[in-house]
Each structure stands twice: as C-alpha cells, then as structure tokens.
Amino acid sequence: MPLKIYNSYSRQKEEFKPITPGHVGMYVCGPTVSGESHLGHARPYIFFDIVLRYLTHKGFKVRYVRNITDAGHFEEEGREAEDKISKKAVLEKLEPMELVQKYTNLFHWAFRQFNCMEPSIEPTATGHIVEQINMIEKIIKEGYAYVSNGSVYFDVKKYAASHDYGKLSGRIIDDLLETTRELDGQEEKRDLADFALWKHAAPEHIMRWASPWGEGFPGWHIECSAMATKYLGAEFDIHGGGMDLQFPHHESEIAQSTICNHTAPVRYWMHNNMITINGRKMGKSYNNVIKLTELFSGNHPLLTQAFHPMTVRFFILQSHYRSPLDFSSEALAASEKALKRLWEAHELLQKLQPADTDTAGDVALDEKINNWLNEFEEFMDDDFSTPKVLANMFELAPVINSVKDGLIAADAISKPTWQRLKKMFKLYMEDIFGLQAVTAANNEMLKAVMQLLIDIRKDAKVKKDYATSDRIRIQLAEMGILLKDEKGGEMSWTIE
RNA sequence: GGUCCUUUGGCCGAGUGGCUAGGCAAGGCUCUGCAAAAGCCUCUACAGCGGUUCGAAUCCGCUAGGGACCUCCA
C-alpha cells in the first residue's frame, strides 16, 4: 500500500516516493539548547520518531538527521548580561559550551524516557561553522547575498524575482517587504525582508568565530541548510519541524539551499501543530511552559499529579499531528488510564494461547477482527493517522479481555487470526508506537515475592480466612500494588 | 494591520457529503466472600444564521468566539 504524506509545500496529501528507492533521508529541526526542554518539544520529536519507526517498518532504510542548535545569542536564565563583559575570571564567567552541554544532556535524557530512537546523525551548529561559511560564500558568489558592516544578508527581493519566496508559508512578498519591525541591525539590510546569513559579533557577544567578514556568528537559518546538504545531499526526501518554523526558518532554508545547490532541497515538508495550554501555544514568551522534568515529577502549579513519559507519548498519539493539541492535567490523566487499559490488554494477549483451529467458530467476529487489523496500515498510510489506529485497538481490547474471561469462546477465533492479532499488537504497540510498560514490574525477585503472597492468599481464601486474604491485598494496595482476583481463582497484579 | 487556521457530546479528541470513531468521566446491569479489574448496556454532539444539495459536522457565504504566523520559537 502506498504511503501518503501531507506536504506543507503543496498543501495536499501526496504519495510518498523516495528519491533513492528503498532509502529515505529525513531532516528534523532539533532543539535550541539554551534552555530546558518543555512539553512543546515533546510533540515533534515523538511524532517524527513514529515517522521514523513506521518508515522503517515499511522497509525503508532511513537516515534521520536531527540537529542541535547550539550557536547564537545565548544566556542562561538568571545569569546576568554583565557576565559577558569579561573582567571576571574564566571559571566565573558564563561558558556557553557548558550551558549548551547541560541542556543537550537534559534533552537526551528526556527523550530516552520517551523511548525515542536516536537520530542517525545529530550534528551541532557549532561543529559546522566551516560548512556554513562555505555555503554563505557560495551564495555571495551567486549574487544573492551581500556583505554589510561585517554581516552577510540574503537578498530576498532578488531571489523572489525568479523564485517563489513565500510559497511554503503562504506569504506574500510585498507584505514582507513592507513589514516594519525594529530589529537589531535592521539598518544594515538593503531590504526589511532580507535575513542574516552571518552576523557581526559585538564586543560583548560571547559566541564568535573568525570568518572572511570578520568575527561573528552564523545566522539562524543557515545551519540547517548546511548540515542537511552535507549529510542528506542537495535534495532529500523529508524535512520536518514545528509549524512555527515554517516562516521564516524553513522559507529561508529553501531560498538559501536553492541558490547554493541549484535545486529545491526538500521533496516533502512536514509540520506538526503546536501543543497549547488553555488554548494558547506553549512558549517562553507566553510564560506558560511546563518543563519535561516538571511534567515527570508533577512539580508544577498546573499539574495535579506526575505523569509518566509513556502517558505523554500516548497523549500525543491520540491526536493527529497536524491538529493543535490542548494540554490539561485532566486530559493527560485520561490518557494515563486509557494507556493502562490498552497496555494490559496487550500484555494479556501476548500470554494467551490461540485455540488450535483453522476455522473460526464465530466467522463474523473473526472477520471483524481482521478488518480492524487491516485498517492499521491503511490509517498509518493516510498521513500517519495514529488516533484511528488506537481507536481500532480499543475495539479489539474488549475482545481480548473477553477471551480471557471465557465470555468469548477460545475457538470462536481462528488460530491464524489470533496469531495475527498478537503480532499486530506487538508490532504497533511496541515497534511503531514505541510504547513501553509504564511500571517496572519486570524485576525477577519482585515477581517471586508476589507469587509467594499470591500462594498464601489463595490458601487463605480456600480456608475462608478472609482476614488474611484481605490483609494481603489491602497492604499491597497501600504500597501501590494492585492485586486482582481473576475468574477461576487465579490472581494478577499491577503496579499503580 | 496583513496572511492563514480553527470552533464537535460533561471533558479530551477522530471525522473522506449519506453508514453518524475512540478515550476519560457519569449511570445501570453481570461476574464476585468483599474489592479491583473485566464484560454488556445507556448517554447522539457538531458555534450561530443563511445558501448549494434528494441529503452537510463535512461544500459556499455572513456573523461571533478562539488561535497561529508576520520577532527567538517545536
């Protein structure tokens, strides 16, 4: 089945055809590591992790490049700007690389909690200054950039005369040329719409590199162009990122790369929508960010509890990536319960053995199951409709639970169907959606101890010694372990 | 001000013109020593007003609310 991807550039769903058969080059704009990652960051990196996993499942070999933006005008919160004017001893001063390292580590830690796969290449902007300078020189040579006061600007007006500047973000060039913004260094530009490729560093600027135009630092957009070109080629398949990057970041990337490499860089542009909080985009300037560490610990005024990274992952999968997703503690709590239910059905399914029958006792049910399963791929192929796949899984969960409880006869479902069901759940839950058990109930010693308690409780129940049986269950509950009596006298347990 | 998007049941969220997802919450029932879990059932919504159509949550227009981008941003 062909995969269809909504291309932001053409504003429609298109069949995905990689440039090199069997291979996919995918670039996703990574974080700026001048601060701690927050919930807003979770969406693109979790979503594109799903894209990576799904493409891999479809048999593509994916090179996934995600950068770290560690160059720019950095300061750490709370540390004052005076720090930058250097009369202090080296160790007392703000060392940008130290700051960048700290937040990079924190970012990596958080996304390991989310069970995101690591990118194939994770290039840093500071590690590619040479490539960026080379690219800028090429653009100057092509006549689309000019030097002004130690800075280099891209000539948007000239570019727009022969190229469609503004198409990706739906912008009209004339409007952009008229924008009146008071920005730093605006007077150096020939035109307000021009953007910086290289910026001259003022004396107090702490991050600076030598360049043909004097000491300075790269413009924000050029790093992605330079690194994507280096690792994926002049033209590659997928470029992803948040919607807020469409303009000016991605629009500028297209312009730079097109001039430098004489070809449009990207085949499929993919943009995820924002996570909002009370209907407003989560962001530093709105003062409404929930940092990932706060989310995991529950330590934030807007949170009524701590949330497990898997709950967040599931929450994100429950909505389509191009829709805005409104955060609330209640919504996340609902996801937590939903995930628990689904995950338990999944674990149960993996343990249940199919009846040894090639023909289904309940043909209609058997067919229904197969239809739901068929749709998994159909939905994913339709621009990654993860919520629909989950909906089907929730249709299947009662079937699984009913088989366990004997409410549906084991031989109602044929062996091949049952085996397929098992396989598909494992594939989607674990491999494609990247979900994991929320609790660490895989400790062998704990399992053994629990088995002992269960044996004692069973004995007590047989003797109708309910004081003992209740005591075991109640005290375990106090510790956060939920013991459940199953039909037929068996017992199971989960960690809350 | 410009460009674009959005408005779905108590809450979160899918929705391709007709078959009206799913989750959470709530209520009822079944199972059960009790409990939990599980199962079954109930809860039919699409901002408002017009229009197109045999038929619209889905297309068009207007009104109202919300949002994003135009500046660093996932």
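Residue numbers start from 1 in every chain, and the chains themselves are labelled A, B, ... in the order their sequence lines are given, proteins ahead of strands. Predicted model only: the values in this text are computed from it and were never measured. No hydrogens, no waters, no symmetry mates; every other heavy atom, side chains included, goes into these values.
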### Message
In whole Å, measure the gap between the C1' atoms of B:U44 and B:A57 for me.
### Response
12 Å

### Query
Are any of the side-chain nitrogens in A:K404 or A:E490 under 4.0 Å away from the carboxylate oxygens of its partner?
no

### B:G39 versus B:C4 - spacing of their P atoms, nearest Å
48 Å

### Query
Are the charged groups of A:R53 and A:D49 less than 4.0 angstrom apart, N to O?
yes

### Task
Look at the side chain of A:D326 against the base of B:G13 and say whether a donor-acceptor pair falls under 3.5 Å; ignore hydrogens and angles.
no

### Query
Looking at A:D381 and A:K4, does any basic side-chain N land under 4.0 Å from a carboxylate oxygen?
no

### Integer angstrom distance from the C1' of B:U7 to that of B:U63
14 Å

### Length of the CZ-P vector between A:R11 and B:C4, whole Å
9 Å

### Query
For the pair made of CD in A:E330 and P in B:G10, what is the distance, rounded to whole Å?
16 Å

### Task
From the options B:A14, B:A74, B:C69, select the nucleotide whose nearest atom is closest to the side chain of A:N272.
B:A74

### Task
Determine, for A:Y45 and A:R66, whether the Lys NZ or Arg CZ falls below 6.0 Å from the six-membered ring centre while staying within 45 degrees of the axis.
yes

### Task
Round to the nearest Å and state the distance from A:M380 atom CE to B:A14 atom P.
15 Å

### Query
CD1 of A:I369 to CD of A:E367: how many Å apart, nearest 0.5 Å?
11.0 Å

### Task
Take atom C1' in B:G17 and the same atom in B:U53, then report the distance between them in whole Å.
9 Å

### Query
For B:U3, which nucleotide in any strand shown is its Watson-Crick or wobble partner with both distances under 3.5 Å?
B:A68

### Task
Nearest whole angstrom, please: distance from the P of B:U71 to the NZ of A:K281.
13 Å

### Query
Is there aromatic stacking of A:Y45 against B:A74, centre distance under 5.5 Å, plane angle under 30°?
no

### Task
Let me know the distance between CZ of A:R457 and P of B:C34, rounded to the nearest Å.
12 Å

### Distance, rounded to the nearest Å, where A:M274 contributes CE and B:G66 contributes P
21 Å

### Query
B:A21 P sits how many Å from A:F394 CZ, rounded?
17 Å

### Message
At 4.0 Å (heavy atoms only), tell me whether A:M282 reaches a base, stays on the sugar-phosphate, or touches nothing.
### Response
base

### Task
Please state how far atom CD1 in A:I408 lies from atom P in B:A38, giving the value in whole angstrom units.
15 Å

